[in-house]
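In what follows, a structure is listed as structure tokens, so that the remarks can point back to it.
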Number of protein chains: 2
Amino acid sequence: MAQPIPMRPFTDSLPMALLRARESTMQHFRTLLAKSELTEQQWRVLRALASRQEAYEVTELAERTALLAPSISRIVANLDDRGLIVRTTVAHDQRRARLQLTRSGRALVRRLAPESEAIYNSIEEHFGADRLADLMAELKDLAETVGHKITVEGEVS
Amino acid sequence: MAQPIPMRPFTDSLPMALLRARESTMQHFRTLLAKSELTEQQWRVLRALASRQEAYEVTELAERTALLAPSISRIVANLDDRGLIVRTTVAHDQRRARLQLTRSGRALVRRLAPESEAIYNSIEEHFGADRLADLMAELKDLAETVGHKITVEGEVS
DNA sequence: TATTGTTATACTCTATAACTATA
DNA sequence: TATAGTTATAGAGTATAACAATA
């Protein structure tokens, strides 16, 4: 008989808990996005662009959406083809790109907004708005704490 | 000037908060797994198999690891090729497969366990063990609440 | 006829490196 | 020489459908 491995149970895994929570949540949004032929990542880009007036540059957008630059490049090309965003170059630095929603892109986000908010509201209603706010705060803190300077034997990150 | 879209700010997005928390956490584990040429999903399968004595069947394992059956099939084929798991058929129902770690697979999990636990302990130390336990409980509850019966206008899920 | 699991297909993302253009 | 962004490449997962074998 194999000896038990000294390790916390799989069910107690933090990454799994985060994954399940995310999948459960996203499933509702994905249903919505699929109607407009949008992937989750494309939606992240559109959402980010819609969330502020100024244009984004690629690097900035990558950081903001937690996507890699090559992924952004492809997504941006796709959304550009579909007329949802425009790329313009910056006058004083021709390497940089300015990314912005087109009127059509903005209209799309605006069209999806009510259903997206409805999903959110439903989650808040079922789970509790206060609890959800607390949870979000803890998640942010965890990301910051763990992202910055966790040190493990043999690893310095 | 475009009118603002009635939608919560991108930064307040629950899926983004979950994603960032997960990515920050997983980055540490991925560093560990990469040394053994394991993807995150392969590790989930190994972890699940290591977590109990009885063999898993494919459907069961898919549910447990939050992977789709086709993904499991490929992962299992890969781990089988590497001699980390074995597939045997069930006597009374030849459609079913029984999946188990080999001695070598068990040894691999056992070898990675200490570092994995060290990462966990470090997270607990920095974030707080109690806070982490609370967070995990809330995540489980969110997954359950949202996964089961969230109803949104036009969608019944 | 329903179920378990595999295979096929198309698409997308991840991750890294190489490359182009510009600064 | 360094930086911003794109392109190339390899690998893998997602999702759906079709299929084979078995019940």
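So you know, we letter chains A, B, ... as the sequences are listed, proteins then strands, and number each from 1. Reckoned from all heavy atoms, side chains included, excluding hydrogens, waters and symmetry mates.
Put simply, CG on Leu68(B) is 13 Å from P on dA17(D), counting in whole angstrom units. dT14(D) atom P lies 15 Å from atom CD of Gln27(A), rounded to whole Å. The interatomic distance linking Met26(A) (CE) with dG13(D) (P) rounds to 20 Å, in whole Å. One can place CZ of Arg82(B) at 13 Å from C1' of dG11(D), the figure rounded to the nearest angstrom. dG11(D) atom P lies 13 Å from atom CD of Gln42(B), rounded to whole Å. Distance CD (Gln41(B)) to C1' (dA15(D)): 15 Å, rounded to an integer number of Å. Rounded to an integer number of Å, the gap from CG of Leu67(B) to P of dT16(D) is 15 Å. Here the P atom of nucleotide dG13(D) and the CD atom of Glu23(A) are 14 Å apart, to the nearest Å.
Of the inter-residue distances, the one linking Glu40(B) atom CD with Phe29(B) atom CZ reads 10.5 Å to the nearest 0.5 angstrom.
Residue Ile75(B) is classed as a sugar-phosphate contact, given heavy-atom separations below 4.0 Å to backbone atoms only. Using a 4.0 Å heavy-atom distance criterion, Thr59(B) is classed as a sugar-phosphate-only contact. Residue contacts shown for Arg30(A) are limited to sugar-phosphate atoms, with no base heavy atom under 4.0 Å away.
Ser13(B) places no side-chain N or O within 3.5 Å of a backbone atom of Pro9(B) that could act as its donor or acceptor partner. Judged by distance alone, the side chain of Thr89(A) and the main-chain N or O of Ala97(A) form no donor-acceptor pair under 3.5 Å. Counting only distance, with no hydrogens or angles, the side chain of Arg87(B) and the backbone of Leu99(B) share no donor-acceptor pair below 3.5 Å. In this structure, the side chain of Thr65(A) does not engage the main chain of Val45(A) through any donor-acceptor pair within 3.5 Å.
A heavy atom closer than 4.0 Å to some atom of DNA chain D occurs in Arg87(A), these being the qualifying members of residues 83-94 of chain A.
OP1 and OP2 of dG11(D) both lie 4.0 Å or more from every side-chain N or O belonging to Thr39(B).
For the 3.5 Å distance criterion, the side chains of Asn78(A) and Arg82(A) qualify, holding a donor opposite an acceptor.
A nucleotide of DNA chain C counts as in contact with chain A when one of its atoms lies under 4.0 Å from a heavy atom; the first and last such, 5' to 3', are dT12(C) to dA23(C).
Pairs passing the salt bridge (Lys or Arg N to Asp or Glu O under 4.0 Å) check and including a residue from residues 119-128 of chain B, sequence neighbours excluded, read Arg8(A)-Glu124(B).
Ile75(A) and Val86(A) sit in two unconnected hydrophobic clusters of ILVMFWY residues. Membership requires side-chain heavy atoms under 4.5 Å apart, directly or through other members. Leu19(A) is not connected to Leu139(B) by any chain of hydrophobic side-chain contacts under 4.5 Å among Ile, Leu, Val, Met, Phe, Trp and Tyr, and they are in different clusters.
The nearest heavy atom of DNA chain C to Ala66(A) and to Ile72(B) marks one nucleotide each, and the one closer to the 5' end goes with Ile72(B). Between Arg44(B) and Arg95(B), it is Arg44(B) whose nearest contact on DNA chain D lies nearer the 5' terminus. Where Arg96(A) and Arg74(A) meet DNA chain D, the nucleotide closest to each residue was compared, and Arg96(A) sits on the side nearer the 5' end.
Applying the 6.0 Å contact sphere to CZ of Arg103(B) captures no more than 12 heavy atoms from other residues, nucleotides or ligands.
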